[in-house]
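When a residue number appears, it is its place in the shown sequence, counting from 1. In listed order, ligands and their atoms are each counted from 1. Excluded from the calculations below are hydrogen atoms, water molecules and symmetry mates; all remaining heavy atoms, backbone and side chain alike, are included.
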Amino acid sequence: MRYTNAFNVEVDFISKFLYGTGMLLFLITFSLTCYYAYQIFHFGHKAETAANEAPRYHFVLVPEELDNDYWRLVENGAKKAAKDLNVVLEYIGPIQANTEEHIKTLEMSAASRVDGILTQGLQEEQFTPLINQIVEKGIPVITVDTDAATSKRLSYVGTDNYYSGFIAGQALIEDTGGKANVAIITGNFYASHQQLRVQGFKDATQHAKGINIITIEESNITRARAAEAANKILKEHPEVTAFYGTSALDGIGIAQVVEHYQKQDQIYILAFDTIEDTIHYMKKGTIDVSVMQEPYKMGYRAVQMMIDLIEGRSVPNTVHTETRIIRASDLPLDSKSIIRMDPS
Ligand code: BGC
């Protein structure tokens, strides 16, 4: 509005002044808005980058026994892969072998919707339906060390357990000249990998006329129970000349008893795995031979394979890690290298 009075000039000046101030305020507000918008975008972008650096996935590794030197090697391999590939890996399960607790841990992991589960397929009847349920819920499962071949698990990484038993039988024939009365101590009668290791051994030795399998006992995968069983066998079957232990602590329990009776020279011991105590008894000559597995590699590969699966890359149905016979003379001077088996 324009006044046509004597103050015409001043009124015109005032309205220009107000207009100019308004423009200035608008420009300041606009610039501030732009500045804060930039800040928010920039901050948001930074937050996104940080999120990218956060662990990509959360996996669990559930073994049959947490506090077991063999499984600690699997754990070490899996944890190394988790670190290299930026995922969280939890190692959870029964402290000492206990199927119920093992199953509960799997159920809880599935309920908490982890991104992937690595575990053993110990026993058809209990593990296969559970693995199927978990996979149907959308959580991938990879079996490690022991397969549940008829389940819907997405892949298996570990020893060919039948083959490992078969080469154990061949080694026994070779080392004893085909003459031995054998006692078997096995982790347990129900687990499929233990059954396969026994079956492979029986098949390899079935045509060797001088090889007799005298008895078979369970150790519940503990060294103490393996020692108890070995003691009982030596008392009840003095004709026994060889022992075959099919899980990691069996050979160690047997070795303790054989040393106790000072029968190292009369009794041949065929063990499983190359954990520190086994190597100790091999170096002393009490354990003659062991079947080597690659637990560290199993753990490492299992994590790699789980990431591949989740990200849509193809993964073989079965990955057999190496298994072979190790004699004391094969041991490297630094036996730690055989224990760790770092694949890198
Ligand atoms: C087997 C594992 C088992 C461990 C027990 C190993 O030979 O591969 O499945 O849990 O022995 O000590």
Side-chain angles (χ1 to χ4, degrees), residues 61-78 91-99 101-102 105 118-123 127 142-149 156-168 184-201 217-227 229 243-256 269-279 281-282 287 289-299 301-302 319-326 338-339 341:
L61 168 62
V62 187
E64 69 178 311
E65 180 164 279
L66 280 189
D67 206 11
N68 177 300
D69 286 354
Y70 170 88
W71 281 102
R72 292 281 177 206
L73 295 172
V74 183
E75 179 200 8
N76 289 349
Y91 178 64
I92 46 175
I95 307 249
Q96 281 185 343
N98 179 321
T99 309
E101 253 186 69
H102 191 156
T105 312
L118 313 169
T119 193
Q120 290 164 285
L122 276 179
Q123 193 197 3
F127 282 74
I142 291 181
T143 46
V144 182
D145 170 273
T146 314
D147 198 9
Y156 166 67
V157 53
T159 298
D160 178 337
N161 284 301
Y162 176 83
Y163 173 76
S164 67
F166 197 89
I167 59 174
I184 302 177
I185 297 184
T186 188
N188 42 55
F189 293 139
Y190 63 80
S192 66
H193 62 329
Q194 300 297 301
Q195 292 169 352
L196 287 165
R197 290 175 192 183
V198 171
Q199 195 53 52
F201 181 86
E217 297 274 348
E218 277 181 305
S219 67
N220 196 28
I221 73 166
T222 72
R223 147 188 344 211
R225 287 275 301 273
F243 277 97
Y244 168 42
T246 71
S247 70
L249 307 181
D250 300 339
I252 301 162
I254 297 165
Q256 284 171 342
I269 303 178
L270 172 52
F272 239 89
D273 298 302
T274 45
I275 58 176
E276 222 154 332
D277 286 349
T278 313
I279 289 177
Y281 282 112
M282 285 179 85
I287 292 181
V289 178
S290 198
V291 182
M292 189 208 77
Q293 304 192 78
E294 292 190 305
Y296 186 99
K297 201 169 192 168
M298 286 177 209
R301 285 288 285 129
V319 175
H320 280 149
T321 45
E322 202 196 340
T323 179
R324 68 187 148 91
I325 294 296
I326 295 282
I338 203 166
I339 295 170
M341 290 289 165

Those atoms of ligand 1 less than 4.0 Å from some heavy atom in [X]:
X      : answer
Gln120 : 9 (O)
Asp273 : 6 (C), 7 (O), 11 (O)
Asn68  : 5 (C), 12 (O)

Worksheet item: Do Asn188 and Gln194 meet the criterion of a side-chain donor-acceptor pair at a distance under 3.5 Å?
Response: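 No, no side-chain donor-acceptor pair sits under 3.5 Å.
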Discussion item. Quick one about His193 and Thr159 (side-chain donor to acceptor, distance below 3.5 Å, no hydrogens or angles considered), yes or no?
Written reply: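 No pair is found: no donor N or O on one side chain lies under 3.5 Å from an acceptor on the other.
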Discussion item. Taking distance alone, with N or O pairs closer than 3.5 Å, would you say Thr146 contacts ligand 1?
Written reply: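 Among all N and O atoms of Thr146, none is under 3.5 Å from an N or O of ligand 1.
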Worksheet item: Do ligand 1 and Gln194 have nitrogen or oxygen atoms that lie under 3.5 Å from each other?
Response: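 Among all N and O atoms of Gln194, none is under 3.5 Å from an N or O of ligand 1.
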Discussion item. Heavy atoms only: which of Asp250, Thr159, Asp145, Ile252 lies closest to atom 1 (C) of ligand 1?
Written reply: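 Looking at heavy atoms only, the winner is Asp145.
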Worksheet item: So which heavy atom in the protein is nearest atom 3 (C) of ligand 1, and how far is it from that ligand atom?
Response: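 Ranked first by proximity to atom 3 (C) of ligand 1 is Glu64 OE2, 3.3 Å.
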Item to complete: Name the closest protein heavy atom to atom 11 (O) of ligand 1, giving the residue it belongs to and the distance to 0.1 Å.
Response: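 Of the protein heavy atoms, Ala248 N, 2.9 Å lies nearest.
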Discussion item. Could you check whether any heavy atom of Glu65 sits closer than 4.0 Å to an atom of ligand 1, since that is the contact criterion I want to use?
Written reply: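 The answer is no: ligand 1 sits nowhere under 4.0 Å from a heavy atom of Glu65.
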Discussion item. Under the side-chain contact (heavy atoms from CB on, under 4.5 Å) test against Tyr163, which residue among Leu196, Thr323, Val291 passes?
Written reply: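 Between Tyr163 and the candidates, side-chain contact (heavy atoms from CB on, under 4.5 Å) is satisfied uniquely by Thr323.
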Worksheet entry | Charged N-O contact under 4.0 Å between Arg225 and Asp250 |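 A salt bridge is absent here (no side-chain N lies under 4.0 Å from a carboxylate O).
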Worksheet item: Taking non-hydrogen atoms only, is Arg197 closer than 4.0 angstrom to ligand 1 via side chain, backbone, both or neither?
Response: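 Under 4.0 Å from ligand 1, Arg197 contributes side-chain atoms alone.
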Discussion item. Is the ring pair Tyr244/Phe201 parallel, tilted or perpendicular, if the boundaries are 30 and 60 degrees?
Written reply: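 If you compare the ring of Tyr244 with that of Phe201, the planes turn out parallel.
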Item to complete: Output, in order, the C-alpha distance, side-chain angles, deciding distance and verdict of side-chain contact (heavy atoms from CB on, under 4.5 Å) for Phe127 and Thr143.
Response: CA-CA 11 Å; Phe127 282 74; Thr143 46; over 6 Å; no
Item to complete: Answer yes or no: is there a side-chain heavy-atom contact under 4.5 Å between Ser164 and Gln293?
Response: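 Contact flag for Ser164/Gln293 side chains = no.
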